[in-house]
Amino acid sequence: MTTDCSLRVAIAEDSAILRDGLVQLLVDRGFTVTGAVGDPSALRSSVAQNPPDVAVIDIRMPPTFTDEGLRLALDLRARYEGLGILLFSQYIETRYAADLLADDAAGIGYLLKDRVADVSDFVEALERVAVGGTALDPEVVTQLMGATRRTDSLSVLTAREREVLALMAEGRSNAAIANALVVSEGAVEKHVANIFAKLDLPVSEKDHRRVLAVLRFLES
């Protein structure tokens, strides 16, 4: 299976086996891998020398194997405007993840390794993040919500609108949301329009309203 995508991808993963597997997977599907390294400093150098469109980053890497990947992601986002970040980990770390999403969730993904059941799902998420979309595992969303305490901003939404917004936070399209909730795509479109209106997100050529809505969701 190949893709017409010519996206440039950098990888930071300390497990050599998984790193090599990601490289092979992406190359087989037509991606260009600009660098595949095992620690944060090596990725910084790789991105500086050969800028990618998106970086796939493990969270726990040398030297402490705690939250190096998240801190690296924050640093890269500050240095390189428009760089997509896909965190790919076995763990959910909320300490810096909320900071990463609170600045601008456009082009951010956070997937859990043991919950990606299909390679095509990973590739789709990577492509979505690279062009400014979001791809958040629902478990990540749940824990980020649990790590925050403000609820007022979403109190105007109905229970169904909250369900739709939660699925938007996972990066799902209207069609995918309709399938998940067993409703028509037209019904989803109405819910999304209501969400935008209630959260005071006006039409704009510059702002990605789905991303802004997701940010409001995560901040709540």
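Keep in mind that what you see is a predicted model, and the values were worked out from it rather than measured.
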Excluding sequence neighbours, so at least two apart, what forms side chain to side chain contact (heavy atoms under 4.5 Å, CB included) with D118? S120, D121

So I85 and V54, do their side chains get closer than 4.5 Å, heavy atoms only? no

Kindly indicate, with the supporting measurements, whether the criterion side-chain contact (heavy atoms from CB on, under 4.5 Å) is fulfilled by L70 and L87. CA-CA 8 Å; L70 273 167; L87 297 169; 3.3 Å; yes

I'd like to check the side-chain hydrogen bond (donor to acceptor under 3.5 Å, both in side chains) partners of D14; sequence neighbours left out, ordered by chain and number. none

Could you check whether R60 pairs with E68 (Lys NZ or Arg NE/NH1/NH2 to Asp/Glu carboxylate O, under 4.0 Å)? no

Are V164 and L157 close enough that some pair of their side-chain heavy atoms sits under 4.5 Å apart? no

Could you pull out every donor-acceptor pair under 3.5 Å between side chains of residues 176-194 and any protein atom, sequence neighbours left out?
| from | atom 1 | to | atom 2 | distance (Å) |
| --- | --- | --- | --- | --- |
| S184 | OG | A187 | N | 3.0 |
| N194 | ND2 | K190 | O | 3.3 |

Side-chain contact, heavy-atom cut-off 4.5 Å: F31 with L25? no

Name all pairs fulfilling the salt bridge (Lys or Arg N to Asp or Glu O under 4.0 Å) condition that reach into residues 44-59, sequence neighbours left out, sorted by first residue then second. R44-D75, D58-K113

Distance col, row I17:CD1 vs L22:CG, nearest 0.5 angstrom, shows 12.0 Å

Taking salt bridge (Lys or Arg N to Asp or Glu O under 4.0 Å) as the definition, give me every residue that meets it alongside D20, ordered by chain and number, with sequence neighbours left out. none

With a 4.5 Å heavy-atom cut-off, do T32 and S6 have their side chains touching? no

Taking only residues two or more places apart in sequence or in another chain, which ones pass salt bridge (Lys or Arg N to Asp or Glu O under 4.0 Å) with D67? R71

Could you list the residues that satisfy side-chain hydrogen bond (donor to acceptor under 3.5 Å, both in side chains) with Q90, not counting sequence neighbours? none

Among T34, V33, L7, the one residue meeting side-chain contact (heavy atoms from CB on, under 4.5 Å) with P52: T34

Contacts of type salt bridge (Lys or Arg N to Asp or Glu O under 4.0 Å), residue R8, not counting sequence neighbours: none

Taking every non-hydrogen atom, the tightest pair across G38 and P62: O-CD, 3.5 Å

Who pairs with V37 by side chain to side chain contact (heavy atoms under 4.5 Å, CB included), at least two apart in sequence or on another chain? A12, A42, L43

Non-neighbouring partners of L112 that pass side chain to side chain contact (heavy atoms under 4.5 Å, CB included), sequence neighbours left out: I92, Y110, D114, R115, D137, E139, V140

Does one hydrophobic cluster hold both L74 and Y91, with members joined at side-chain heavy-atom distances below 4.5 Å? no

Answer whether the closest heavy-atom distance between the side chains of F122 and L111 falls below 4.5 Å. yes

Evaluate K198 against T158 for side-chain contact (heavy atoms from CB on, under 4.5 Å), listing each step before the verdict. CA-CA 10 Å; K198 291 180 178 180; T158 66; 3.8 Å; yes

Is it true that L72 and F65 fall in one hydrophobic cluster, defined by side-chain heavy atoms closer than 4.5 Å? no

Is there side-chain contact between E93 and T66, with heavy atoms separated by less than 4.5 Å? no

With sequence neighbours excluded, what pairs up with S45 under the side chain to side chain contact (heavy atoms under 4.5 Å, CB included) test? Q49

Supply the atom-to-atom distance I108 CD1 to L86 CG, rounded to the nearest 0.5 angstrom. 9.0 Å

Passes side-chain contact (heavy atoms from CB on, under 4.5 Å), V119 versus R29? Steps please. CA-CA 11 Å; V119 168; R29 284 160 178 77; 3.5 Å; yes

Between V9 and V131, is there a shared hydrophobic cluster once you connect ILVMFWY residues whose side-chain heavy atoms come closer than 4.5 Å? no

Can you tell me how far apart OG (S46) and CD1 (I11) are? Round to the nearest 0.5 Å. 10.0 Å

With sequence neighbours left out, the residues meeting salt bridge (Lys or Arg N to Asp or Glu O under 4.0 Å) with R19 are none

For M61 versus P40, what's the shortest heavy-atom pair and its separation? CE-CG, 3.9 Å

Can you see which heavy atom on E161 is nearest to which on V156, and at what distance? OE1-O, 4.3 Å

